[in-house]
Each structure stands twice: as structure tokens, then as C-alpha cells.
2 protein chains.
Amino acid sequence: MSATSQAQYKARSRIIKALAHPTRLFIVDELSRGERCVRELTELIGVEMPTVSRHLSLLRNVGIVEDEKRGAQVFYRLRRLCIRKFLECIETMQTNSQGTDSL
Amino acid sequence: MSATSQAQYKARSRIIKALAHPTRLFIVDELSRGERCVRELTELIGVEMPTVSRHLSLLRNVGIVEDEKRGAQVFYRLRRLCIRKFLECIETMQTNSQGTDSL
DNA sequence: TGCACAATTCGCCAATTGGCTAACTGGCTC
DNA sequence: GAGCCAGTTAGCCAATTGGCGAATTGTGCA
């Protein structure tokens, strides 16, 4: 594997890794229905706000969401709508997965 | 978030997590061109065989690849071709990502 | 100014990940 | 059977992840 293609795979995995968490998948799903502020998401998810905030900043860093401050609140929304198609593929795959994962 | 939908998000993230690694992305890419045995992949990737073997078993456990023993060798191939579309979306996103990820 | 609320950042910690080497299993050939 | 090659499993370890509470920053309002 060449150094350049290795960098390519690393860049892609960075984006995929951002989606590889139940809470962040939920956030993406929720934001696909419209923008939400951090407090709203926190209430829906059921973990502490600092945790949600970090999930959001991670999604922002890879370009999946963007934020906008309005007063004391920060609203987040999706930047890449193609994520929906992406998730559809996962859903179809989901029905056929089996076994345990151990790594 | 309800318990059932939380289980749904967890199941999906399990599949996405399987793809969230440069080496495993490379494997999927390589297998999209045809089946390969573990030794072939090991030479292409440049890490030790046990490591490659574990990446492969993880991909198998979530249903992305399947294996077939032929003599002393084990050949792997893709089970879900829709992965390609999945990755195309990532590639387009890739060009627009910025910033650092720290979580 | 002072208080309350929204959000982020900082330390801390337990659990997971991903690499390695060593050991083990199974097939093929001499 | 002995030796070799392909592959997996096991044990170890460093680095990362993801949660929490505490502390900090910033905005709006009385």
C-alpha cells in the first residue's frame, strides 16, 4: 500500500469513525429532521451535556454537521445530506449480520 | 431515545465501526476487485498476518465479507456490494472536511 | 452588577482498540 | 511421521475512546 493511498484510507476512516457510535448516529438521524440545539439533543439522548457537546464537535470537525450560535444557544444542522443514503445501505446490511465481534 | 431504537443505533454503529479503520477500508477496496487469500492481503498491507486475520474476522462477523477454505488457504470476498456506494459518499465528503478531531 | 442558563473545556478513569510475538491448528509434501 | 506453509488464537501492552463531574466561558435578563 503506497503512502498516498494509505493517507487516503486514513482520511476516509476518520469520517467513518465519526459515524461509528450509537449516539452520533442518533444525532445525525435527528438533525436530518431539522436543526437542534445542544440542550434539546441532550434531553433526547439521555447523557450529560459535556458528552453530547464533544460528540457534536467531533461531527463538526469531519464536516458532517455545522453549528450556528444564536444568543446563548448553539444550533447544529447537517452539512452533508448524502449521509442518508449512506445509512440506508447500513440498514439493509444490518438484517444480514450475525456472530460476535471481538477486536 | 427508546430502548429499541437505541438497540437499532447500536447495531448500525457496529457495522460502521467495522469499516472505521484504514486497513479494513483497504481490504474492502481490494476485495471489490476479486477474492484474495490472507497471505496476499498481508503482503499488500504491510502488517503482520495475525493482525490482518483479526481485521478479516471482524469484517466477517458483521457480514461484510465471507470466507472459503481451499486447501491450506482461506479466501475472502465481499458479501455486500452496496459498500461501494457507501464509500463513494465518503469520498465526496472527504474533500470538504477540515479541522482536527479530538475525542 | 449579579444571577441563571447554555455550552464548552479540562481532568480523571474504565473499557476498547490495534499492534506485536508466541503458541497452536490444519493441510500438503517429502 | 517430519517439516513447512497458511491461518487463527492467546497474551501482552500502548494508545484511543467515551463517560462523568468540576471548572470555565459567554449570553440574556432582572
Side-chain angles (χ1 to χ4, degrees), chain A residues 1 6 9-10 12-28 30-31 35-62 64-77 99-103, chain B residues 1 6 9-10 12-28 30-31 35-62 64-77 99-103:
Chain A
M1 188 161 32
Q6 188 169 8
Y9 289 114
K10 196 172 176 185
R12 284 177 211 173
S13 71
R14 185 166 153 268
I15 298 173
I16 297 175
K17 210 176 285 190
L19 291 165
H21 191 281
T23 296
R24 293 195 293 268
L25 279 181
F26 172 82
I27 289 172
V28 168
E30 186 61 26
L31 294 186
E35 65 178 17
R36 300 280 185 275
C37 70
V38 182
R39 186 191 47 76
E40 284 174 321
L41 291 170
T42 298
E43 287 170 2
L44 287 168
I45 294 167
V47 299
E48 296 303 310
M49 191 183 279
T51 304
V52 174
S53 179
R54 284 207 312 180
H55 283 307
L56 285 166
S57 71
L58 196 154
L59 288 170
R60 176 164 29 83
N61 285 338
V62 300
I64 293 174
V65 305
E66 61 187 358
D67 64 333
E68 187 190 345
K69 296 178 207 293
R70 289 209 290 275
Q73 284 155 300
V74 179
F75 288 87
Y76 283 85
R77 54 175 167 263
T100 58
D101 49 327
S102 57
L103 174 57
Chain B
M1 188 160 33
Q6 188 169 6
Y9 288 115
K10 196 172 177 184
R12 285 177 209 173
S13 71
R14 185 167 153 266
I15 297 173
I16 298 175
K17 212 176 282 190
L19 291 165
H21 192 281
T23 296
R24 293 195 292 268
L25 279 181
F26 172 82
I27 290 173
V28 167
E30 187 60 27
L31 294 186
E35 63 177 18
R36 300 279 186 276
C37 71
V38 182
R39 187 190 47 75
E40 284 175 320
L41 290 170
T42 299
E43 287 170 2
L44 287 168
I45 295 167
V47 299
E48 296 303 311
M49 190 184 280
T51 303
V52 174
S53 179
R54 285 208 311 179
H55 283 307
L56 285 166
S57 70
L58 195 154
L59 288 170
R60 176 163 31 81
N61 284 338
V62 300
I64 293 173
V65 305
E66 61 187 358
D67 64 334
E68 187 189 344
K69 295 178 208 295
R70 289 209 290 275
Q73 286 155 299
V74 179
F75 287 87
Y76 282 85
R77 55 175 167 264
T100 58
D101 50 327
S102 57
L103 173 56

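Numbers restart at 1 for each chain; the letters A, B, ... are given by sequence-line order, proteins then strands.
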K.L.:
Can you measure B:R70 atom CZ to D:dA6 atom C1' for me and round it to whole angstrom units?
P.N.:
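Interatomic distance, CZ of B:R70 to C1' of D:dA6: 14 Å.
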
K.L.:
Please produce a list of atom pairs where a protein N or O lies less than 3.5 Å from an N or O of nucleotides 1-8 of chain C.
P.N.:
unit_1 : atom_1 : unit_2 : atom_2 : d
C:dA6  : OP1    : A:R39  : NE     : 3.2
C:dA7  : OP1    : A:V38  : N      : 3.4
C:dA7  : OP1    : A:V74  : N      : 2.9
C:dA7  : OP1    : A:V74  : O      : 3.4
C:dA7  : OP2    : A:R39  : N      : 2.7
C:dT8  : OP1    : A:Y76  : OH     : 2.6
C:dT8  : OP2    : A:S53  : OG     : 2.6
C:dT8  : O5'    : A:S53  : OG     : 3.1

K.L.:
OP1 or OP2 of C:dG19 sitting under 4.0 Å from any side-chain N/O of B:T51?
P.N.:
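So the side-chain polar atoms of B:T51 never come under 4.0 Å of the phosphate oxygens OP1 or OP2 of C:dG19.
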
K.L.:
Just how far, in rounded Å, is C1' of C:dA23 from CD of B:E48?
P.N.:
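Whole-Å distance recorded here is 15 Å.
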
K.L.:
Taking only residues two or more places apart in sequence, or in another chain, which ones meet A:E43 in a side chain to side chain donor-acceptor pair (under 3.5 Å)?
P.N.:
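Listed in chain order: A:R39.
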
K.L.:
Please determine if a side-chain N or O atom of A:H55 lies less than 4.0 Å away from the OP1 or OP2 oxygen of D:dT17.
P.N.:
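The answer is no; no side-chain N or O of A:H55 sits under 4.0 Å from OP1 or OP2.
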
K.L.:
Can you measure A:H21 atom NE2 to C:dA15 atom C1' for me and round it to whole angstrom units?
P.N.:
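Interatomic distance, NE2 of A:H21 to C1' of C:dA15: 12 Å.
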
K.L.:
Hey, which of A:L19, A:I64, A:L58 is the one that makes side-chain contact (heavy atoms from CB on, under 4.5 Å) with A:R24?
P.N.:
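Testing each of A:L19, A:I64, A:L58 against A:R24, the sole residue satisfying side-chain contact (heavy atoms from CB on, under 4.5 Å) is A:L58.
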
K.L.:
Using whole Å, report how far CD of B:E35 lies from P of D:dA6.
P.N.:
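In whole Å, D:dA6 P lies 17 Å from B:E35 CD.
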
K.L.:
For A:T42, what residues pass the side chain to side chain contact (heavy atoms under 4.5 Å, CB included) criterion, not counting sequence neighbours?
P.N.:
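So A:T42 forms a side chain to side chain contact (heavy atoms under 4.5 Å, CB included) with A:V38, A:M49, A:V52.
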
K.L.:
Which residues pass the side chain to side chain donor-acceptor pair (under 3.5 Å) test with B:Q73, sequence neighbours left out?
P.N.:
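If we apply the side chain to side chain donor-acceptor pair (under 3.5 Å) test to B:Q73, skipping adjacent residues, there are no hits.
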
K.L.:
In whole angstrom, what separates B:R36's CZ from D:dG7's P?
P.N.:
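It works out to 14 Å between those atoms.
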
K.L.:
For the pair made of NZ in B:K17 and P in D:dT16, what is the distance, rounded to whole Å?
P.N.:
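B:K17 atom NZ is separated from D:dT16 atom P by 17 Å.
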
K.L.:
Please report, rounded to the nearest Å, how far the C1' atom of C:dT9 is from the CG atom of A:N61.
P.N.:
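For the pair A:N61 CG and C:dT9 C1', the rounded distance is 14 Å.
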
K.L.:
Could you work out, with side chain to side chain contact (heavy atoms under 4.5 Å, CB included) as the rule, every residue matching B:P22, not counting sequence neighbours?
P.N.:
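So B:P22 forms a side chain to side chain contact (heavy atoms under 4.5 Å, CB included) with A:Y9, A:K10, A:S13.
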
K.L.:
Not counting sequence neighbours, which residues clear side chain to side chain donor-acceptor pair (under 3.5 Å) with B:R77? List them please.
P.N.:
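Only B:E35, B:E66, B:E68 meet the side chain to side chain donor-acceptor pair (under 3.5 Å) criterion with B:R77.
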
